[in-house]
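Structure, as structure tokens:
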Number of protein chains: 2
Amino acid sequence: MNSTRAAIIEAADRLFYQRGYRDTSFADIAAAVGLSRGNFYHHFKSKDAILDGVIALRRQKTGELLAQWSAESADPAGRIRSFIHILAVNRDPILEHGCPVGSLCVELAKADHEALADAAAIFTMFRDWLRAQFEALGRADDADELAMHLLARSQGAATLASAFHDRSFLDREIESLETWLAHCLGDRPEPQTQGAHPCSSSC
Amino acid sequence: MNSTRAAIIEAADRLFYQRGYRDTSFADIAAAVGLSRGNFYHHFKSKDAILDGVIALRRQKTGELLAQWSAESADPAGRIRSFIHILAVNRDPILEHGCPVGSLCVELAKADHEALADAAAIFTMFRDWLRAQFEALGRADDADELAMHLLARSQGAATLASAFHDRSFLDREIESLETWLAHCLGDRPEPQTQGAHPCSSSC
DNA sequence: GTCTATACCATGATAGAC
DNA sequence: GTCTATCATGGTATAGAC
């Protein structure tokens, strides 16, 4: 059945995120799906094949998410805020397991795994979508730089938040990113003194 | 011999960084040191014990690095620039394997490993040292926020650079961080138009 | 302190019955 | 399509000779 295949991929998707690719065994996935180990090879010829399926699923879900954000806001700035807010929406899993895309890429990079390019393509989807939003905001010249900047800051926030299990740091970073965005869009506050204008939240 | 113990830890340090903790086996370390597997347990009672040794070594090296930066620059701003520049100094390994501290913390967080706190303490060393520099620059109110901001951005830069194997992105982020620092210190340029004042590099 | 030999287990993967 | 049984490999860890 196709639904068995889908169930395997979904379970693997969750486990790869929670435990990492290498630390997730067939036995783990089998237990999660309620299937015997031997039966796996009817659906996937290897563990790497499951990884390919998981990445394909994540790319599909990412595409749907971006389409949803595009549909929810006509305003590019609102769309970008939707991106920033995934850090808040996924706060708890991020504190425990980091960013699903970033942590997988880090693991695959170390393993010199050929699926790294596929996994990094999820970053590219966000990058391209964000760049399009900045372009729509009249920042054609540095739209890609701004997109990468946002990606990098969200990655750093996720890494440190999970390393320290620090929820309030994550919340501050979200706020800081929103202020940065407002700043970028020309909605900058009146010049203020140093004390009232911390670089960390508005620069 | 104590030098054997040190050789094991140094080899493990390198391999844990290049391949990750889980993906490094005793056989790998043994081959790197030129020792038989069985002999390991004379020096370490388990793989986790080697990890503890590696983290202790990294904490020691980090302390020495911070002391060196403090000695090289009397100016706190120069010291902070030393921190930013590790991204340039370690450019090649970062492109291949990410940040040693960040990638280890990500792996240990997923494994729910009890050594995570120890590994994250290396972040704390950088954080405290950076905070002290910002305090010396008269930013006592938000010194810790600024320190965490710098840490987060360097983490994000390392993660994306390794995911994309993108050297020029890493170089741009280094430049952007330097501009951000100058901006923070009040050395901000004259107000400019949007096109000539990209948020990504100066905000 | 170093070695060989080995126990023991988890893993990825296969074969074949139902 | 699912199962049980099995294999081969590689991993951590131990025992004991030198």
Side-chain angles (χ1 to χ4, degrees), chain A residues 1-57 103-104 107-108 110-116 118-119, chain B residues 1-57 103-104 107-108 110-116 118-119:
Chain A
M1 261 209 288
N2 201 354
S3 72
T4 301
R5 189 190 151 90
I8 290 173
I9 290 187
E10 272 171 38
D13 181 26
R14 200 183 67 248
L15 288 167
F16 288 174
Y17 175 41
Q18 293 172 341
R19 307 185 190 178
Y21 176 63
R22 184 60 154 72
D23 254 13
T24 301
S25 69
F26 277 88
D28 293 331
I29 307 174
V33 179
L35 229 62
S36 77
R37 259 169 303 165
N39 195 17
F40 268 67
Y41 298 83
H42 225 281
H43 303 279
F44 299 93
K45 73 173 202 292
S46 71
K47 195 181 173 185
D48 282 348
I50 299 184
L51 176 61
D52 289 342
V54 166
I55 293 175
L57 175 66
S103 57
L104 180 62
E107 185 176 1
L108 296 180
K110 277 197 200 297
D112 215 2
H113 199 291
E114 55 180 9
L116 171 61
D118 263 13
Chain B
M1 260 208 289
N2 202 352
S3 73
T4 301
R5 188 190 151 90
I8 290 174
I9 290 186
E10 271 171 39
D13 181 26
R14 199 184 67 247
L15 288 167
F16 289 174
Y17 174 42
Q18 293 173 341
R19 307 184 189 178
Y21 175 63
R22 184 61 153 72
D23 254 13
T24 300
S25 70
F26 277 87
D28 294 331
I29 307 175
V33 179
L35 230 61
S36 76
R37 259 168 303 164
N39 196 16
F40 268 67
Y41 298 84
H42 225 280
H43 304 277
F44 300 94
K45 72 174 203 291
S46 70
K47 196 181 172 185
D48 282 349
I50 300 183
L51 176 61
D52 289 341
V54 166
I55 293 175
L57 175 67
S103 56
L104 181 61
E107 184 175 3
L108 296 181
K110 278 197 199 297
D112 214 2
H113 199 291
E114 55 180 9
L116 171 61
D118 264 14

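So you know, we letter chains A, B, ... as the sequences are listed, proteins then strands, and number each from 1. Keep in mind the model is a prediction, meaning the values are calculated, not measured.
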Task: Close side-chain approach of A/Y21 to A/V54, heavy-atom, < 4.5 Å - done: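 They are not in contact (no side-chain heavy atoms under 4.5 Å apart), so the answer is no.
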
- [ ] Please examine the side chains of A/H42 and A/T4, heavy atoms only from C-beta on, and report whether any two atoms are closer than 4.5 Å.
- [x]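 No, too far: nothing below the 4.5 Å cut-off.
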
Rounded distance (Å) that lies between atom [atom2] of [N] and atom [atom1] of [X]:
{"X": "A/L35", "N": "D/dT2", "atom1": "CG", "atom2": "P", "result": "6 Å"}
{"X": "B/F44", "N": "C/dG1", "atom1": "CZ", "atom2": "C1'", "result": "14 Å"}
{"X": "B/D48", "N": "D/dG11", "atom1": "CG", "atom2": "C1'", "result": "14 Å"}
{"X": "A/H42", "N": "D/dT2", "atom1": "NE2", "atom2": "C1'", "result": "8 Å"}
{"X": "B/K47", "N": "D/dG10", "atom1": "NZ", "atom2": "C1'", "result": "12 Å"}
{"X": "A/R22", "N": "C/dT11", "atom1": "CZ", "atom2": "P", "result": "10 Å"}
{"X": "B/K45", "N": "D/dA13", "atom1": "NZ", "atom2": "P", "result": "9 Å"}
{"X": "A/D23", "N": "C/dA10", "atom1": "CG", "atom2": "C1'", "result": "12 Å"}

Task: Pair A/F44 + A/F26: ring centers closer than 6.0 Å - done: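 No: the rings miss the under 6.0 Å criterion.
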
Do any side-chain nitrogens or oxygens of [X] fall under 4.0 Å of OP1 or OP2 in [N]?
{"X": "A/T4", "N": "D/dT2", "result": "yes"}
{"X": "B/S25", "N": "D/dG11", "result": "yes"}
{"X": "B/N39", "N": "C/dG1", "result": "no"}
{"X": "B/H43", "N": "C/dT2", "result": "yes"}

Open item on the list: Please pick, from C/dC3, D/dA13, C/dG12, the nucleotide with the shortest atom-to-atom distance to any side-chain atom of B/S36.
Closed with: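 Nearest to the side chain of B/S36 among the choices is C/dC3.
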
Open item on the list: Closest approach to the side chain of A/Y41, judged atom by atom: which nucleotide of C/dT14, D/dT14, C/dT4 is it?
Closed with: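 Of C/dT14, D/dT14, C/dT4, C/dT14 is nearest to the side chain of A/Y41.
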
Open item on the list: Both B/G38 and A/R37 contact DNA chain C. Taking the nearest nucleotide for each, which residue is further toward the 5' end?
Closed with: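 It is B/G38, whose closest nucleotide lies nearer the 5' terminus.
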
Open item on the list: Just verifying a value: how many Å separate B/K45 NZ and B/F40 CZ, rounded to the nearest 0.5 Å?
Closed with: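 Interatomic distance, B/K45 NZ to B/F40 CZ, rounded to 0.5 Å: 16.0 Å.
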
Task: Test log, rule salt bridge (Lys or Arg N to Asp or Glu O under 4.0 Å), inputs A/D23 and B/K110 - done: CA-CA 9 Å; A/D23 254 13; B/K110 278 197 199 297; over 6 Å; no

